There are 2 protein chains.
Amino acid sequence: MSELDKELIIAARIKEARRLSGLSQGQVAKMLEMHRPTISEIEAGNRRVSAGELMRFAEIFDVSVAYLAGESPDKINPSDPKLQLAARELSKLSPDALNSLMRALAVFRKDDDENSSGGGNEQT
Amino acid sequence: MSELDKELIIAARIKEARRLSGLSQGQVAKMLEMHRPTISEIEAGNRRVSAGELMRFAEIFDVSVAYLAGESPDKINPSDPKLQLAARELSKLSPDALNSLMRALAVFRKDDDENSSGGGNEQT
DNA sequence: CAGCTACGTAAGATTATCTTACCACTCGGT
DNA sequence: ACCGAGTGGTAAGATAATCTTACGTAGCTG
């Protein structure tokens, strides 16, 4: 895999993680003390991110750098990065909302079991 | 921790990993198709490494990017036991279902989070 | 429609990186 | 001691990337 490919994957992961975090480019830009167009270009793959920037992205999205880097599964953290994002979202819900969600999840899980698709994240 | 600190840590880790791999700067430079002074500057912390470069370093040193980044092993340890329970449920979902749920959660949060830093996007 | 937010993109100013070159240091062999 | 090869640090001009500001579009709301 070429380095350009890696950068493009990272760009896509950043965009995905930002969206799943419910943050706008402008909010991210402010958090990272960057200009909004910079975020736009990064996500478009037109601008590279430094390693330090990658870590900052991982911080504000609360995911591992390995996830943003699209590293192979056997090297990354035990928990699914998407779960990290999910947990972050969950922590913002009220207890009541969380309980409701838990019940809803039970239904989801039942549907899922019948199709039997085992976990993991989709790697490229 | 500032971003400069992160970059310096990464620089030190790269230097350490290279030495432990028994490679010279020249060898690394050749493998990564860089010039030797570039490696020298990177290890000195005078030159930043892009995210893609970081992954290439991790490859040739056979270490994880998390190691080069000095990342702590498990990032997600919610104190709330309810979150742990929820995370267990989430882990049983298919990736698609999880994605759908995440988008739904983002909408939820937007509804009861409307007041926070939503404004002030564009420049002065 | 008017106003707002989000996002993409262009262009000149600014800054970082690249490339070549030169320097000092170390180590074995002669 | 001298030499040659190997390693690593650094300087300087040319080159390339990024930053910063500004403008344009699209969606959504009252």
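Being a predicted model, the structure only gives us computed values, none of them experimental. Chain letters run A, B, ... following the sequence lines, proteins first, then strands; residues in each count from 1.
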When you look at R13(B) and F61(B), which way does the side chain to side chain contact (heavy atoms under 4.5 Å, CB included) test go after all the steps?
-> CA-CA 11 Å; R13(B) 288 280 173 131; F61(B) 298 148; over 6 Å; no

Step-by-step side chain to side chain contact (heavy atoms under 4.5 Å, CB included) determination, F57(B) to I42(B) | CA-CA 11 Å; F57(B) 275 112; I42(B) 284 173; 4.1 Å; yes

Mind calculating the distance between CD (E43(A)) and P (dC7(C)) to the nearest angstrom?
-> 8 Å

Note: for E33(A) and Q27(B) on DNA chain D, the residue whose nearest nucleotide lies more 5' is Q27(B)

Give one of base, sugar-phosphate or nothing for R18(B), where a contact means two heavy atoms less than 4.0 Å apart.
-> sugar-phosphate

Between residues 6-14 of chain B and DNA chain C, which residues have a heavy-atom gap below 4.0 Å?
-> none

Would you mind telling me which of R18(A), M34(A), R56(A) makes a side chain to side chain contact (heavy atoms under 4.5 Å, CB included) with V28(A)?
-> R18(A)

Nearest non-hydrogen partners of R48(A) and S50(B), listed with the distance = NH1-OG, 3.8 Å

Round to the nearest Å and state the distance from M34(B) atom CE to dT20(C) atom P.
-> 15 Å

Value for CD (Q25(A)) from CZ (R19(A)), rounded to nearest 0.5 Å, stands at 8.0 Å

For the hydrophobic clusters of this structure (ILVMFWY residues joined by side-chain heavy atoms under 4.5 Å, transitively), does one cluster hold both L23(B) and V63(B)?
-> yes

When rounded to the nearest 0.5 angstrom, what is the spacing between CE in M55(B) and CG in D5(A)?
-> 10.0 Å

At their closest point, which heavy atom of V65(A) faces which heavy atom of A66(B), and how far apart are they?
-> CG2-CA, 4.0 Å

Just how far, in rounded Å, is C1' of dT15(D) from NE2 of H35(B)?
-> 12 Å

Find the distance between OG1 (T38(A)) and CG (L32(A)) and round it off to the nearest 0.5 Å.
-> 10.5 Å

Can a side chain N or O of K15(B) be found less than 4.0 Å away from OP1 or OP2 on dG9(D)?
-> yes

In degrees, rounded to 10°, what is the bend between the two ends of the helix from dC1(C)-dG30(D) to dT30(C)-dA1(D), using five pairs at each?
-> 30°

Any idea which heavy atoms bring L68(B) and A58(B) closest together, and the distance?
-> CD1-N, 3.6 Å

Got a list of protein N/O to nucleotides 9-17 of chain C N/O distances below 3.5 Å?
from, atom 1, to, atom 2, distance (Å)
dT17(C), OP1, R48(B), N, 3.2

Within the pair Q25(B) and dG9(D), is there a side-chain N or O less than 4.0 Å away from OP1 or OP2?
-> yes

Can you check the L32(A) CG to dC19(D) P distance for me, whole Å?
-> 11 Å

Before accepting this row, confirm whether a basic side-chain N of the pair E59(B)/K6(A) lies closer than 4.0 Å to the acidic partner's carboxylate O.
-> yes

